[in-house]
Amino acid sequence: MLLEVKHLKKVFKTRFSKEETTALVDIDFSVEEGEYIAIMGESGSGKTTLLNILSTLERPTQGQVLLNGEEITAIKENQLSSFRRDHLGFVFQEFNLLDTLSVRDNIYLPLVLSKQAPELMKTRLDALAPKLAISELLDKQPFELSGGQKQRVAVARALISQPDLVLADEPTAALDFKNSENLLELFEEINKSGQTIIMVTHSTLAASHAKRVLFIKDGVLYHQLYRGEKNSQAFAKEITLSMTSFLGTSAQGEQHA
Ligand SMILES: Nc1ncnc2c1ncn2[C@@H]1O[C@H](COP(=O)(O)OP(=O)(O)OP(=O)(O)O)[C@@H](O)[C@H]1O
């Protein structure tokens, strides 16, 4: 099993008050290599907290996360950044590219930080750039790119270290419909080539491209759907029905996928 999430609980305590918020009550699931999972839930349901724990940015109050059998929730503070660099790839809503670096250097950054040889960086980028349609963009600066182009560069940066797991936080939220569709197709292709992906999203459309959707409510995983052989339109309908019946609301986010 690639990822095992065992009985995660997260309680936030505010420093100056006695108030506590239980963001995650008891979250338990596992992920096989090659899966593509979307995590959905209403605002405040605990999605970001869960993703932050999987990213090792946040520690759980109770429970464990194992990646390839290694307990990542127990990694020492001073080893966390190198762990993240070597094993995880991140794609964020706001791209998080550094404007002072060229596109190429942005993509190389995780490998520069882990002191990889320049030849290896070039070989990896030469293989990735055509797949992501960014070959023409490598010498530009991020501020010269459109949102869709920036997100493809961010995906290249996430993939260049050949991570065990790509974690994406609302990756289509800042994109228009067409660029969202392009990014979701790209994620599907990347997944087909073997990359495991976990994506948090409000968007039914985005989730409908995944192979499995986990629904979280009030810090509990209470439902999941498998796509199976369905196309994304049929799966989107099923997700909407689940959202409506289980969450008591209709799915959000259709305006920008
Ligand atoms: N650092 C923190 N300190 C205190 N409470 C927090 C903190 N982070 C999150 N929470 C609380 O934990 C609960 C879950 O928040 P979380 O951000 O995980 O939800 P979410 O599903 O990602 O929401 P959204 O979709 O709006 O991003 C909320 O009640 C939130 O207020």
Side-chain angles (χ1 to χ4, degrees), residues 3 5-29 31 36-65 67 72-73 75 77 80-81 84 88-96 147 151 154 158 165-175 180 183-184 187 197-210 212-225 236 239-240 242-257:
L3 185 77
V5 176
K6 296 184 175 176
H7 299 296
L8 278 191
K9 179 175 181 176
K10 179 69 184 180
V11 180
F12 288 107
K13 287 192 185 110
T14 321
R15 190 177 298 192
F16 300 109
S17 83
K18 290 196 175 76
E19 229 173 89
E20 287 187 350
T21 308
T22 303
L24 302 178
V25 177
D26 183 7
I27 300 274
D28 217 61
F29 66 98
V31 179
Y36 177 6
I37 291 181
I39 298 174
M40 296 193 84
E42 288 180 324
S43 187
S45 58
K47 303 180 299 294
T48 304
T49 305
L50 175 59
L51 201 73
N52 284 346
I53 293 174
L54 302 183
S55 312
T56 72
L57 295 170
E58 198 88 72
R59 287 190 195 270
T61 310
Q62 275 173 30
Q64 296 172 313
V65 179
L67 184 70
I72 68 172
T73 33
I75 296 174
E77 200 65 37
L80 282 176
S81 55
R84 284 196 284 269
L88 304 175
F90 295 98
V91 181
F92 305 94
Q93 175 176 340
E94 293 299 338
F95 324 126
N96 292 14
Q151 197 57 306
L165 183 61
V166 166
L167 296 167
D169 191 4
E170 299 275 5
T172 59
L175 300 178
S180 294
L183 186 79
L184 293 167
F187 268 28
I197 303 173
I198 297 182
M199 165 177 74
V200 161
T201 183
H202 277 111
S203 158
T204 305
L205 189 65
S208 71
H209 286 257
R212 174 156 65 122
V213 182
L214 302 178
F215 294 90
I216 184 168
K217 183 178 185 180
D218 298 334
V220 177
L221 275 186
Y222 69 98
H223 185 55
Q224 61 175 329
L225 289 176
I239 294 167
T240 305
S242 283
M243 300 278 283
T244 313
S245 58
F246 289 97
L247 299 179
T249 60
S250 58
Q252 307 168 14
E254 299 318 326
Q255 64 276 34
H256 60 209

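Both ligands and their constituent atoms are indexed starting at 1 by order of listing.
By the side-chain contact (heavy atoms from CB on, under 4.5 Å) test, Leu57 pairs with Asn52, Ser55, Arg84, sequence neighbours left out. Under the rule for a side-chain contact (heavy atoms from CB on, under 4.5 Å), the partners of Val220 that lie at least two apart in sequence or sit in another chain are Val25.
For a heavy-atom separation below 4.0 Å, the residues in contact with ligand 1 are Phe12, Thr21, Ala23, Glu42, Ser43, Gly44, Ser45, Gly46, Lys47, Thr48, Thr49, His202.
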Donor-acceptor contacts, no H, no angles, side chain residues 88-96, under 3.5 Å, sequence neighbours left out:
none

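Test Leu184, Leu183, Val200 against Pro171 for side-chain contact (heavy atoms from CB on, under 4.5 Å) and you get one pass: Leu183. Residue Ser208 forms a side-chain contact (heavy atoms from CB on, under 4.5 Å) with just one option from Ile239, Thr240, Thr201, and that option is Ile239. Tested against Leu165, the residues Ile198, Ile197, Leu54 include a single side-chain contact (heavy atoms from CB on, under 4.5 Å) partner, Ile198.
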